[in-house]
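Below is one structure, written out as structure tokens; comments come after it.
Everything quoted here is computed from the prediction, not taken from an experiment.
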Amino acid sequence: MSSGRWKVWAALICFLGFTPTVHAAAPTGKELLAWCTAKDRSEEWLMHGVRQRLRAWIQGLGRNEELKGVVCLPPDLTEEEAIALFVRTMRTIGKSSPVADEHAERVWQAVLGMAFRCA
């Protein structure tokens with residue numbers, strides 16, 4: 001594994017410790033990656049309510065009191081931009097990484113949190 005990949009993986013693991021736990025039935029990061037990269041996202045997204053989850057997760061991350069001053073999401077961040085960032089990051093760390101098996105919400109928040117750390 002390249003040193004860049006290790007740095008991303010290590011940062012994700014550290015950031016996961018700051019995100020709240022979610023219900024056990026939640027999808028994994030690996031499943032979210034599959035939904036985000038599906039050829040026909042409309043059917044996948046409708047079936048699993050992915051768009052609503054992502055929107056709620058972005059809003060939740062912005063309101064998380066524990067992360068105030070740590071994560072500064074841009075006010076104009078679109079879902080598509082966040083999805084593209086998530087897909088790039090997950091492809092960098094790889095689906096075989098233990099991070100990919102974490103709850104999707106925690107992985108999603110970790111990716112956004114790393115990308116938009118406060119200065």
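Arg117 contributes a side-chain N or O that, together with a main-chain N or O of Met114, makes up a donor-acceptor pair within less than 3.5 Å. Checked by atom type and distance alone, the side chain of Ser97 never pairs as donor or acceptor with a backbone atom of Ile93 at under 3.5 Å. A donor-acceptor contact shorter than 3.5 Å links the side chain of Glu81 to the backbone of Thr78. With hydrogens and angles ignored, the 3.5 Å screen pairs no side-chain donor or acceptor of Glu102 with any backbone N or O of Val99.
In this structure, Ala104 and Thr28 approach most closely via the heavy-atom pair CB-O, 3.4 Å. Of all the heavy atoms in Leu32 and Trp57, the pair that sits closest is CD2-CZ3, 3.8 Å. Residues Ala100 and Gly94 come closest through the heavy atom pair CB-O, 4.2 Å. Arg55 and Glu79 make their closest contact through NE-OE2, 2.8 Å (heavy atoms, listed as atom of the first residue, atom of the second, distance).
Here the CZ-CG distance, from Arg63 to Leu73, works out to 11.0 Å after rounding to the nearest 0.5 Å. Rounding to the nearest 0.5 Å places CD of Glu31 at 12.0 Å from SG of Cys36. In this structure, NZ in Lys68 is found 9.5 Å from SG in Cys118, a value given to the nearest 0.5 Å. Expressed to the nearest 0.5 Å, how far CZ of Phe116 lies from CG of Leu77 amounts to 5.0 Å.
The existence of a salt bridge linking Arg53 and Glu105 is excluded, since no basic side-chain nitrogen approaches an acidic carboxylate oxygen closer than 4.0 Å.
A 4.5 Å side-chain heavy-atom check between Leu112 and Gln109 finds every atom pair outside the cut-off. Looking only at side-chain heavy atoms (C-beta outward), Thr37 and Val87 come within less than 4.5 Å of each other. Proximity of Leu54 to Phe86: side-chain heavy atoms (C-beta onward) are nowhere separated by under 4.5 Å.
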Exercise. Please assess Ile58 against Trp108 for the test side chain to side chain contact (heavy atoms under 4.5 Å, CB included), listing each intermediate value before the final yes or no.
Key: CA-CA 9 Å; Ile58 290 172; Trp108 173 262; 3.8 Å; yes
